[in-house]
Amino acid sequence: MAYINENYNKLKAGYLFPEIARRVTAFNQANPEAAKRLIRCGIGDVTEALPSAVLKAMHAAVDELGQRESFRGYGPEQGYEFLRQAIAQNDFKSRGIEVEADEIFISDGSKCDTGNILDIFGAGNRIAITDPVYPVYVDTNVMAGNTGDADESGAYAGLHYLKCTPENGFVADIPSEPVDLVYLCYPNNPTGAVATRAQLEAWVQYALKHKALLLYDAAYEAYIKDPSLPRSIFEIPGARDCAIEFRSFSKNGGFTGVRCAFVVIPKGLKGKTRDGGTQAIHPLWSRRHSTKFNGTSYIVQRGAEAVYSPEGKAEVAALIEHYMGNAALLVEACRKVGLPVFGGQNAPYVWVGTPGGLSSWEMFDRMLNQANVVITPGSGFGRAGEGYFRISAFNSRANVEEVCRRIAAL
Ligand code: MLT
């Protein structure tokens, strides 16, 4: 009999979103009439159709695969050059940010990338995460054996929690002690907070001083409207020596079902070895990709490339405007009923304080049962999320307007 990875036994309950789905299914079965008016603002899943530029590119790619002359089998594991070049040019160089095409690794999603990245780090790192946090960062560290057990509050021994509250604007304060790996996500999931340039500069200074590595998740950068806010950690001087960035086509191009993302690893970025030496990280991730991944589908990469065409850019801008219009309505509706509201300005998530001291899950139940609206309980993102809930702005305008009416009527 094979030994199992017993670290999995340390995980608390189910992963947040399947747990919500389970509760919603139970509600729907018990309340078939109410189920018909259910509106889902839980998981941040896009609802609008793919940009037509993307569709055209994917159709053309399918046709190419249908001809022997233009057929393609396995592609480069790190991604096709056409997409890596398009990303380097449009997301970085055109904004004056130094990132080369061969520092970009195409993948099938940021969830996978932020989890898989632990493959290239050794045991014994001091790991800092924000609280609340995207649960994948925590659970993958638990699975990898980088934590001890969780206490009754759900906090894992061995993790450094950086509490995010209204007092710090939900942007993590610099830790008082040195750590080795820090997960940061801006625009933030779940709070919708965005770090300012000064705040990211402080993080980069901290990382350089303590030789820490920042794992910077910028999956929602397309939602930044305020031009003074950084969209990439590599806008900050020094970041090339201390940061890895994760980006995704899920929330800009609407690829949550199509699947395409990328990781940026500067070639000069280093980690340390047990014998006191240092070693470049870029070749490790490249090796990992070659061994464990056969590349994102050609069709999908052609679709992602089309996000950067003039037509694609205009369509993506319209999608973002649509979702941010939803966010503005949700912010307004919550404010009108006197709830404390955060986020929703430069992010597609609205983070709301629960009324009357309700717990996050009590609020989830109330929204489900009384308003027939699915939200995400803040406590699912960590202890500091207790007393909050998250509303996703990914929906049709009609649904969001209806959610606003139901919030007013609660
Ligand atoms: C969320 O709702 O937090 C996101 O959809 C999760 C994800 O992108 O994996």
Side-chain angles (χ1 to χ4, degrees), residues 11 13-24 39-48 107-118 129-141 143 164 170 183-194 215-223 245-263 296 300 304 319-320 323-324 326-327 330 342-344 346-352 360-361 363-364 367-368 373-382 384-385 388-395 399-400 403:
L11 292 166
Y15 181 59
L16 176 61
F17 294 106
E19 173 59 18
I20 291 172
R22 193 187 62 73
R23 290 185 187 220
V24 171
I39 302 178
R40 294 169 193 269
C41 296
I43 191 164
D45 193 2
V46 293
T47 54
E48 305 309 296
S107 75
D108 59 354
S110 283
K111 183 186 193 174
C112 326
D113 286 334
T114 54
N116 290 335
I117 199 77
L118 290 175
I129 56 148
T130 62
D131 180 11
V133 73
Y134 179 43
V136 170
Y137 312 153
V138 176
D139 287 3
T140 53
N141 272 290
M143 291 169 175
C164 297
F170 295 101
Y183 289 82
L184 295 176
C185 171
Y186 299 107
N188 186 253
N189 179 10
T191 65
V194 189
L215 298 172
Y216 193 78
D217 185 347
Y220 298 92
E221 61 79 31
Y223 291 84
E245 183 160 295
F246 301 91
R247 292 273 193 112
S248 172
F249 291 95
S250 283
K251 312 289 159 83
N252 58 359
F255 276 41
T256 54
V258 176
R259 310 306 304 151
C260 195
F262 60 94
V263 181
T296 306
V300 167
L319 281 173
I320 304 285
Y323 292 128
M324 289 310 288
N326 287 350
L330 291 165
F342 309 90
N346 293 285
Y349 294 126
V350 181
W351 185 245
V352 193
S360 297
W361 277 108
M363 189 65 192
F364 172 87
M367 289 289 280
L368 183 60
V373 172
V374 181
I375 48 96
T376 308
S379 56
F381 299 102
Y388 293 90
F389 63 102
R390 190 192 78 175
I391 316 179
S392 159
F394 293 111
N395 224 312
N399 272 353
V400 166
V403 168

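Every number for a ligand or one of its atoms is a count from 1 in the order of the listing. Please read all numbers here as calculations on a predicted model, not as lab measurements. Position 1 is the first residue of the sequence, and the numbers go up from there.
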How many angstroms lie between atom CG of Asn188 and atom SG of Cys164, to the nearest 0.5 angstrom?
6.5 Å
Are any side-chain N or O atoms of Thr256 and backbone N or O atoms of Ser250, one a donor and one an acceptor, separated by less than 3.5 Å?
no
Under the side-chain contact (heavy atoms from CB on, under 4.5 Å) test, which residues partner Thr376, sequence neighbours left out?
Leu16, Phe17, Ile20, Phe381, Arg390
Tell me whether ligand 1 is touched by Tyr220 - counting only heavy atoms on the residue side and a distance under 4.0 Å.
yes
Look at atom 7 (C) of ligand 1 and say which protein heavy atom is nearest, naming residue and atom and giving the distance to 0.1 Å.
Tyr134 OH, 3.2 Å
I'd like to check whether Asp45 has a polar contact with ligand 1, where a contact means an N/O of the residue lying under 3.5 Å from an N/O of the ligand.
no
Mode of Ile43 contact toward ligand 1 - side chain, backbone, both, neither (heavy atoms, under 4.0 Å):
both
Can you tell me which portion of Phe381 lies within the under-4.0 Å heavy-atom range of ligand 1? Options are side chain, backbone, both, or neither.
neither
Best match, Arg390, Lys111, Lys251: closest heavy atom to atom 8 (O) of ligand 1
Lys251
Taking every non-hydrogen atom, the tightest pair across Ile375 and Pro377
O-CD, 3.9 Å
Please list, in number order, the atoms of ligand 1 under 4.0 Å from a heavy atom of Phe17.
1 (C), 2 (O), 3 (O)
So is Gly44 polar-close to ligand 1, meaning N/O to N/O under 3.5 Å?
yes
So the atoms of ligand 1 within less than 4.0 Å of a heavy atom of Tyr349 turn out to be 1 (C), 2 (O), 3 (O), 4 (C), 5 (O)
Any side-chain heavy-atom pair of Pro190 and Tyr388 under 4.5 Å
no
My understanding is that only residues two or more places apart in sequence, or in another chain, count here; which of them pass side-chain contact (heavy atoms from CB on, under 4.5 Å) with Asn346?
Val194, Ile224, Lys225, Asp226, Leu229
Nearest heavy-atom pair of Ser379 and Trp361: which atoms, and what distance?
OG-CD1, 3.5 Å
